[in-house]
2 protein chains.
Amino acid sequence: MADAAAREAKHDVFQAVADPTRRRLLRLLDEGEKPVTALSGHFAMSRTAVSKHLRILADAGLVSERKVGRETRYRMNPDPLLELKRWLSYFEKYWENRMAALKRYVEEDEE
Amino acid sequence: MADAAAREAKHDVFQAVADPTRRRLLRLLDEGEKPVTALSGHFAMSRTAVSKHLRILADAGLVSERKVGRETRYRMNPDPLLELKRWLSYFEKYWENRMAALKRYVEEDEE
DNA sequence: TTGACGTGAAACCAAATGGTTTCGTATAAT
DNA sequence: ATTATACGAAACCATTTGGTTTCACGTCAA
């Protein structure tokens, strides 16, 4: 709890996820734990740059690090995305209405 | 279609929504169409600053403007949030699994 | 033990971001 | 006709961001 707050202190999820590189990183890590080099291979930028993106993701609590020998393995943690999900849910009604409208339209059409 | 692409050309939704001021603006506009001054009253910053945030939201397609007399009324458009929603849905499985796990736990408990 | 590998920290840089103040202009009110 | 209101554009500024290169350090391999 206080832990989660501490983890997310520096960067918030919205900002972390705003960058396309970081979104791709999350996708890659979704496949499983990976060391930095394995990740940076997918990008045009330097390994160091990727490393910095990973730090931002870590600050937002979206990834965790684990040292294994000389490599640092990064693992995804989806939890903070729930905040985003919750924020989005506020606007859910719009699509519900649209769905309802669409449904009505289809049903009228069936007559 | 080409319209939507043009609207969203300058700023993407992820970036637009990354700023807390802009998120609050969307909430306020969710209540209904509002002119700039009515909006900027809720913030510590200048009207001009709010105006610039509104432009960014407009560039992302999240708000539209309508001139009425000497005022410009802004209206929210939730459509681009669907992109965010879609991106998030990719990670839905994590929570589904969690829900499933919770469900199993509760069911076991019922025995 | 001597290298090669995997990495983060540091110093640096250009561009973007989020804010300000000042100004011009169109509309509304007196 | 004059004044007040609502606003965007422009110029400006400090800070943040996203990237680079260089360096030092621990770990694995020969």
Side-chain angles (χ1 to χ4, degrees), chain A residues 7-29 31-76 80, chain B residues 7-29 31-76 80:
Chain A
R7 250 194 288 115
E8 301 178 22
K10 284 187 161 184
H11 286 282
D12 80 358
V13 196
F14 290 92
Q15 195 238 332
V17 143
D19 185 275
T21 300
R22 291 196 286 270
R23 288 199 297 275
R24 282 187 61 199
L25 279 171
L26 289 179
R27 286 285 188 111
L28 288 168
L29 286 173
E31 297 168 4
E33 194 180 56
K34 288 186 175 58
V36 181
T37 311
L39 291 167
S40 75
H42 294 78
F43 298 89
M45 71 193 69
S46 72
R47 175 190 52 79
T48 312
V50 171
S51 201
K52 282 166 75 173
H53 281 297
L54 286 167
R55 169 133 316 281
I56 290 170
L57 289 172
D59 285 346
L62 283 163
V63 304
S64 57
E65 330 173 14
R66 182 168 70 107
K67 299 265 279 193
V68 175
R70 60 186 161 184
E71 53 184 32
T72 308
R73 299 207 186 136
Y74 286 85
R75 175 196 310 247
M76 179 185 178
Chain B
R7 251 194 288 118
E8 300 178 22
K10 283 189 165 184
H11 286 283
D12 80 357
V13 196
F14 290 91
Q15 196 239 330
V17 143
D19 186 274
T21 300
R22 290 194 288 269
R23 288 199 297 276
R24 282 186 61 200
L25 279 170
L26 289 180
R27 285 284 187 113
L28 288 168
L29 286 173
E31 296 167 5
E33 193 179 56
K34 286 184 175 59
V36 180
T37 309
L39 291 167
S40 75
H42 294 79
F43 299 89
M45 70 193 72
S46 71
R47 175 190 50 82
T48 313
V50 171
S51 200
K52 281 167 75 171
H53 280 297
L54 286 167
R55 168 133 317 282
I56 289 170
L57 288 171
D59 285 346
L62 283 163
V63 305
S64 57
E65 330 173 16
R66 185 169 68 108
K67 301 266 277 192
V68 175
R70 59 184 162 184
E71 52 184 32
T72 309
R73 301 207 184 135
Y74 286 84
R75 174 197 311 248
M76 179 185 177

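On a predicted model such as this, the values are computed, not experimentally measured, just so you know. Residue numbers start from 1 in every chain, and the chains themselves are labelled A, B, ... in the order their sequence lines are given, proteins ahead of strands.
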Separation of E71(A) atom CD from dA29(D) atom C1', in whole Å?
15 Å

Integer-rounded Å distance: dC7(D) P and L39(B) CG
9 Å

Check this one for me: any side-chain N or O of H53(A) less than 4.0 Å away from OP1 or OP2 of dT17(D)?
no

Whether R23(B) side chain and F14(A) backbone form a donor-acceptor pair below 3.5 Å:
no

Please state whether the phosphate of dG19(C), meaning OP1 or OP2, lies under 4.0 angstrom from any side-chain nitrogen or oxygen of S46(B).
no

Distance below 4.0 Å between Q15(B) side-chain N/O and dT17(C) OP1 or OP2:
yes

Taking atom P of dC7(D) as reference, at what distance in whole Å does atom CZ of R55(B) sit?
14 Å

Under a 4.0 Å N-O cut-off, is there an ion pair linking R55(B) with E65(B)?
yes

Walking DNA chain C from its 5' end, the first of K52(A) and Y74(A) to be reached, judged by nearest nucleotide, is Y74(A)

Side-chain contact test, heavy atoms from C-beta onward, threshold under 4.5 Å: evaluate it for L54(B) versus L29(B) and give yes or no.
yes

Scan T72(B) against the nucleic acid and name what it touches under 4.0 Å (heavy atoms): base, sugar-phosphate only, or nothing.
sugar-phosphate

Give one of base, sugar-phosphate or nothing for R22(A), where a contact means two heavy atoms less than 4.0 Å apart.
sugar-phosphate

Taking atom P of dG6(C) as reference, at what distance in whole Å does atom CD of E65(A) sit?
18 Å

Side chain of T37(A) (C-beta onward), nearest among dT7(C), dT20(C), dT22(D)
dT7(C)

Measure the distance from NZ on K67(A) to C1' on dC25(D) and round it to the nearest whole Å.
9 Å

Rounded to the nearest 0.5 Å, what's the gap from CG on D19(A) to NE2 on H53(A)? Could you check?
4.5 Å

Whole-Å gap separating P (dC5(C)) and CZ (R47(A))
13 Å

Rounded distance (Å) that lies between atom C1' of dA16(C) and atom CD1 of I56(B):
10 Å

Base, sugar-phosphate or nothing for F43(A)? Non-hydrogen atoms, less than 4.0 Å.
nothing

What I want to check is whether an N or O donor and acceptor connect the side chain of R70(B) with the base of dT5(D) at under 3.5 Å.
yes

Of A18(A) and R73(B), whose nearest nucleotide on DNA chain D comes first from the 5' end?
R73(B)

Whole-Å distance, K34(A) NZ to dT7(C) P, equals 13 Å

Rounded distance (nearest 0.5 Å) linking atom NZ of K52(B) with atom CE of M45(B)
11.0 Å

Does the side chain of S51(B) get closer than 4.0 angstrom to OP1 or OP2 of dC7(D) through an N or O atom?
no

Among dG19(D), dT7(C), dG18(D), which nucleotide has an atom closest to any side-chain atom of V36(A)?
dT7(C)

